[in-house]
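Source: prediction; values computed, not measured.
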Amino acid sequence: MRFNWLSEYVASIVSTESATSSWRQLQEQLLDPQAIYCRIKSTSAEALEHIVIACVVYLLVCLGLYKLTFWLSRHSNATESQAGGLKKALQSGLSLRSIRLPQAAHMERVLLVTAHPDDECMFFGPLIYSLTQRQGCQVYILCLSNGNFEQQGKVRRQELWRSCSKLGIPESNIVLMNATNLPDDPNVDWRPDAVAGLILHAVESLSIQAIFTFDRDGVSSHPNHCAVYYAAASLCLANLLPKDCKFYTLDSINLVRKYLSIFDLLCTCFMSTHWCILSWKEAGIVRSAMMEHQSQMKWFRWLYIYTSRYMFINSMRQINLSDVELEMQIHDN
């Protein structure tokens, strides 16, 4: 094998100048600020280019999976053929399902526990829509405050009723609390035992089989949201929930993922155990439900309903006793 490039390189070094002068020139080049800046600039530009390409590929993959998910669901009842076999293989192999929740037999009576009116559609819209489309599934809402932080409690009560109607929840399935010890106020700490008592009463009186609420970060870190989780977790920790009642929490995610809209699909499918994904048309129903809360529709809420991932995707996880013990220990620390 001939190393022409190596011999040419050595010859060019020997023929130019002596080794000493070459070394000095090399030092000057290495220590030259302009040369250093040029090297950093070229390296940074190359790295930025790679990052942009990776982001574009990620977005295209998410968009493709989003389209493929609903294409598979629309054709799930097609007759078996070569294409049908491919679709079934994709569904089973890649778990491309718009809804991945526990078995319907274990979720015939579901309780959603929220802190304020508008939580039901702002954070839990995809979940509620998916559950109300199930045959034989009754969805109940326990809202622990009337949203009177800006002295609009009566208005927000009517908005809650209209929003739930858009989502498919009948008025008889809505429980709105107006307790003085549970005000809509981020500066007031809700007592976990008071909230836990209300949740337990609703679970027992309605024969609830599954509870859905916030996780310990409360999605938006609102203290009232977090208090709901710790109250429900205390019931689980004390073993007060019925044996056939499961406890699920909505995943809180970082700010970047929160506003990725449908492009959080790939992260959700790989990092979550249960999820609901809505098409653009189905998400329109959730948006219309959110628009019923006119008293809360500030400019940033309009931005939220079109860019937030929670208007298209909900991901949940089941909480068991060991999870509660660990998170309670973290909370105490």
Least distance between heavy atoms, Thr69 atom then Ser98 atom: CG2-N, 3.6 Å
Pairwise distance CG(Asp184) to NE2(His222) - rounded to 0.5 angstrom: 6.0 Å
side-chain hydrogen bond (donor to acceptor under 3.5 Å, both in side chains) partners for Thr132, two or more places apart: none
Minimum side-chain heavy-atom gap Arg287-Phe312 below 4.5 Å: yes
Ser315 side chain to Arg309 side chain, donor-acceptor N/O pair below 3.5 angstrom: yes
Sub-4.5 Å side-chain heavy-atom contact between Tyr229 and Asp217: no
Where Cys62 and Leu266 come nearest, the two heavy atoms and their spacing: SG-CB, 3.6 Å
Atom of Leu235, atom of Leu200 and distance for their closest heavy-atom approach: CD1-N, 4.0 Å
Shortest non-hydrogen contact from Met297 toward Ile305: CE-CD1, 4.2 Å
Leu278-Met291 co-clustered via ILVMFWY side chain contacts under 4.5 Å: yes
Please tabulate, for side-chain N and O atoms in residues 119-126, each donor-acceptor pair with protein atoms closer than 3.5 Å (sequence neighbours left out).
{"from": "Asp119", "atom 1": "OD2", "to": "Ala115", "atom 2": "N", "distance (Å)": "3.2"}
{"from": "Asp119", "atom 1": "OD2", "to": "His116", "atom 2": "N", "distance (Å)": "2.8"}
{"from": "Asp119", "atom 1": "OD2", "to": "His116", "atom 2": "ND1", "distance (Å)": "3.4"}
{"from": "Asp119", "atom 1": "OD2", "to": "His225", "atom 2": "NE2", "distance (Å)": "3.4"}
{"from": "Glu120", "atom 1": "OE1", "to": "Asp118", "atom 2": "N", "distance (Å)": "3.0"}
{"from": "Glu120", "atom 1": "OE2", "to": "Ser163", "atom 2": "OG", "distance (Å)": "2.9"}
{"from": "Glu120", "atom 1": "OE2", "to": "His293", "atom 2": "NE2", "distance (Å)": "2.8"}

Name the atoms and distances for all side-chain donor-acceptor pairs under 3.5 Å in residues 188-196, with sequence neighbours left out.
{"from": "Trp190", "atom 1": "NE1", "to": "Pro183", "atom 2": "O", "distance (Å)": "2.9"}
{"from": "Arg191", "atom 1": "NE", "to": "Asp193", "atom 2": "OD1", "distance (Å)": "3.2"}
{"from": "Arg191", "atom 1": "NH2", "to": "Asp193", "atom 2": "OD2", "distance (Å)": "2.5"}

Spatial distance of atom OG (Ser261) from atom CH2 (Trp280) [nearest 0.5 Å]: 6.5 Å
Separation of Leu182 CG from Asn224 CG (nearest 0.5 Å): 8.5 Å
is_close_aromatic(Phe212, Tyr248), centroid dist under 6.0 Å: yes
Approximate separation, where rounding is to 0.5 Å, of Leu303 CG and Tyr259 OH: 7.0 Å
Flag side-chain contact, heavy atom, 4.5 Å: Leu176 against Trp161: yes
Trace of the side chain to side chain contact (heavy atoms under 4.5 Å, CB included) decision for Leu127 with Leu112: CA-CA 10 Å; Leu127 172 64; Leu112 185 74; 4.3 Å; yes
